[in-house]
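Just so we're on the same page: letters track the sequence lines, and every chain starts at 1. As a basis for the values below, the full set of heavy atoms in this structure was taken, side chains included, without hydrogen atoms, waters or symmetry mates.
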Number of protein chains: 2
Amino acid sequence: MPKVGMEPVRRQQLIDATIESVATNGLQGTTINSISKNAGLSSGIISHYFGGKQGLIEATVRYLLTSLKQDLIGKVNHQTNATERLMFIIEANFALVQQRNDTTRTWLSFWAQSMHDEELHRLQNVNSKRLQSNLAFSFKQLMPIEQANQAAELSAAMIDGLWLRAVLSKSDNNQFKHCEKLAKSYVLSLIKQYGA
Amino acid sequence: MPKVGMEPVRRQQLIDATIESVATNGLQGTTINSISKNAGLSSGIISHYFGGKQGLIEATVRYLLTSLKQDLIGKVNHQTNATERLMFIIEANFALVQQRNDTTRTWLSFWAQSMHDEELHRLQNVNSKRLQSNLAFSFKQLMPIEQANQAAELSAAMIDGLWLRAVLSKSDNNQFKHCEKLAKSYVLSLIKQYGA
DNA sequence: TTATCTTTATTGAACGTTCAATTAATAAAA
DNA sequence: TTTTATTAATTGAACGTTCAATAAAGATAA
């Protein structure tokens, strides 16, 4: 059965299977068996490639964070203006949902666990601060620095709040699209309010 | 050791111990042993009073929901005006934090789990919808119904978002106070914007 | 080309641990 | 004495990890 050069393939297979299992069974219900079964591989392979269950969990979170980051990078370029950039940030934060419906539940599980897992908490902070500083960067081109920072804090909370409530109510894609629109119009209203 | 009429005392003891354990160890790390140890009781007592671990978990969530509800009821009376009532709703939603620092983490754990537990999800929906309809009720006295509903949806998201970000960044009470102020001024700005 | 050696990839059973639940025993109060 | 309250001991299932075995692929040498 074995072929050479399987490592990257298997790693991705196991990460995908982890997202799937956490979305379906929760972090509590996710075992090395549920993951390896989803991936169509044996349980031992997890320790082989990730050192253990914990290593795979952390690799999965890192993968999700990278996906979010890449999504935004793919949308903007050097001639994107500040307002457009703000809209792209919002789109990126709601985009993972549209690609894979199971991703949102998985995120929430990981964030809850980050309260009791140092490495997950570190990763969560990177994500949370990146959202706010990305927003602040663009707001600063549209208003004074103090207002910009305040606008970034409020926008980040609004985005996360809309997202959280949509996830918890097990919303469909339409509902997420609705939340994306609300977030965008809130950011636009902040620009009108404080904009120079 | 046994005394008569211990039931309500023991139940509360075990619920308090559950909040404590979930805050410290997370829902994953919470066992009937960690709970009973916190309560200074034996593990068997959990099955006796709650039928099992799951029953105790659900009773704990119901207790938290009731506390939140009572907190709001205690603040308002028949001569509270709409704007005051909105401020009290926000205060109540941030108040549990101040009383007990460990409560917020516990909430987040429960909400994450609600994605994979029918009864918890039902309770979560009650809470989520109550916040929004409480907000809508007061907004309707200050603006047209359509704007009131929109304001309620946005305010609920803002409150939950500020709360979520504060919890995840392991904020102290000052940070929560700051978030409470932001939420209040956001609601006031909505009243100014749409208010008749 | 064939035979041998080495590395890479993978499995699945065995092990020790942890957990929730149950049971039997016990102690106080009625 | 009977009932209520509680503990301590026990059970069996489920879990993550480890590890010996194996199989294919690639490399080397005859």
Closer than 4.0 angstrom, basic N to acidic O: yes or no for B:K184 and B:E91? yes

In whole angstrom, what separates A:F50's CZ from C:dA9's P? 13 Å

Taking NZ in A:K170 as the centre, count heavy atoms belonging to other residues, nucleotides or ligands within less than 6.0 Å. Is the count above 12? yes

NZ of A:K37 versus C1' of C:dT11: gap in Å, rounded? 17 Å

Roughly how many Å is it from CD1 in B:I35 to P in C:dC19, rounded to a whole number? 11 Å

Let me know the distance between CZ of A:R11 and P of C:dT8, rounded to the nearest Å. 15 Å

To the nearest Å, give me how far apart NE2 (A:H48) and C1' (D:dA23) are. 14 Å

Is there a donor-acceptor pair under 3.5 Å between the side chain of B:S171 and the backbone N or O of B:V167? no

So, is A:R10 close to the C:dT10 phosphate, meaning a side-chain N or O under 4.0 Å from OP1 or OP2? yes

Between A:R165 and B:Q132, a side-chain donor and acceptor under 3.5 Å: yes

For nucleotides 14-17 of chain D, give me every protein contact, N/O to N/O, under 3.5 Å, one pair per line with atom names.
from	atom 1	to	atom 2	distance (Å)
D:dG16	OP1	A:K53	NZ	2.7
D:dG16	OP2	A:I32	N	2.9
D:dT17	OP2	A:K53	N	2.9

Given atom CD1 of B:I45 and atom C1' of C:dA27, what is their separation to the nearest angstrom? 13 Å

For the hydrophobic clusters of this structure (ILVMFWY residues joined by side-chain heavy atoms under 4.5 Å, transitively), does one cluster hold both B:L68 and B:I73? no

Can a side-chain donor-acceptor contact be found between A:E180 and A:N93 if the only test is distance below 3.5 angstrom? no

Residues A:S36 and A:S43: side-chain donor-acceptor under 3.5 angstrom: no

If you compare every side-chain N and O of B:Y49 against the phosphate oxygens of D:dT6 (OP1, OP2), does one of them come in below 4.0 Å? yes

For the pair made of CD in A:E7 and P in C:dA9, what is the distance, rounded to whole Å? 6 Å

Residues from residues 12-26 of chain B lying under 4.0 Å of DNA chain D - heavy atoms: none

For A:D16 and A:R100, run salt bridge (Lys or Arg N to Asp or Glu O under 4.0 Å): C-alpha distance rounded to whole Å, both residues' side-chain angles, the deciding distance at 0.1 Å, then the answer. CA-CA 11 Å; A:D16 288 340; A:R100 298 187 52 170; 3.5 Å; yes

Are more than 12 heavy atoms, taken from residues, nucleotides or ligands other than A:K69, located less than 6.0 Å from that residue's NZ atom? no

